[in-house]
Amino acid sequence: MITLPGVSQAMIANNLTPFEPTHPGELIKDELESRKLTQVKLAESIGVSPSLLNEIIKGKRGVSTEMALLIEAALNIPADLLLNLQNDYNMQMVRSDASFMKRLSSIRNIAAML
């Protein structure tokens, strides 16, 4: 996290969280559209079921390391980019869960007393 004297943390662009996190499926979908390639064709070429690929593209399922490598081989999208997007997405989703954040705060308070 970046800090600057006299500047609120919330006002520093690098500390902002996007309103809606970007799932890596959105990037895959955009790439397919730009190449005029169907989900079925991609699924066939990487040896996965079209329904699995569709769930990833719709953001209902995460991108695994194996899937990221398959997509990298087929579309030349770096696997580490897809995995970083997935990790950022997961973190943002958890951080937007108020009950989980309250639980973390409670744990931090307990840990501070140790």
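The first residue of the sequence shown is numbered 1, and numbering continues consecutively from there.
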Start with the C-alpha distance between Q86 and N90, add both sets of side-chain angles, then the distance that settles side chain to side chain donor-acceptor pair (under 3.5 Å), and finish with yes or no. CA-CA 6 Å; Q86 184 65 56; N90 294 346; 2.9 Å; yes
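- If you take CG on D30 and CD on E33, they are separated by 6.0 Å, rounding to the nearest 0.5 Å.
- Using a 4.5 Å heavy-atom cutoff, the side chains of L37 and L75 are in contact.
- You'll find the side chain of S106 stays beyond 4.5 Å of the side chain of R103, heavy atoms only.
- From N76, atom CG reaches atom CD of E31 across 9.0 Å, with rounding to the nearest 0.5 Å.
- The distance from the CD atom of Q39 to the CG atom of L52 is 10.5 Å, given to the nearest 0.5 Å.
- When all heavy atoms are compared, the tightest approach of Y89 to P21 is CD1-CB, 3.6 Å.
- No side-chain heavy atom of M91 sits under 4.5 Å from any side-chain heavy atom of D88.
- The main-chain N or O of L83 is never found under 3.5 Å from a side-chain atom of N87 such that the two would form a donor-acceptor pair.
- For E55 (side chain) and K60 (main-chain N/O), no donor-acceptor pair under 3.5 Å exists by modelled atom type.
- Here the side chains of I57 and L32 are in contact, with some heavy-atom distance below 4.5 Å.
- Between the NZ atom of K102 and the CG atom of D97 there is a distance of 12.0 Å, given to the nearest 0.5 Å.
- Follow the hydrophobic side-chain contacts under 4.5 Å out from L42 and you reach V48 in the same cluster.
- In this structure, the side chains of I28 and L82 come closer than 4.5 Å at one or more pairs of heavy atoms.
- No path of Ile, Leu, Val, Met, Phe, Trp and Tyr side chains, each step under 4.5 Å between heavy atoms, connects M93 with L85, placing them in separate hydrophobic clusters.
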Intermediate values then yes/no, side chain to side chain contact (heavy atoms under 4.5 Å, CB included), L53 and V40: CA-CA 8 Å; L53 183 61; V40 172; over 6 Å; no
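- V94 belongs to a hydrophobic cluster whose other members, connected by ILVMFWY side-chain contacts under 4.5 Å either directly or through intermediates, are F100, M101, L104.
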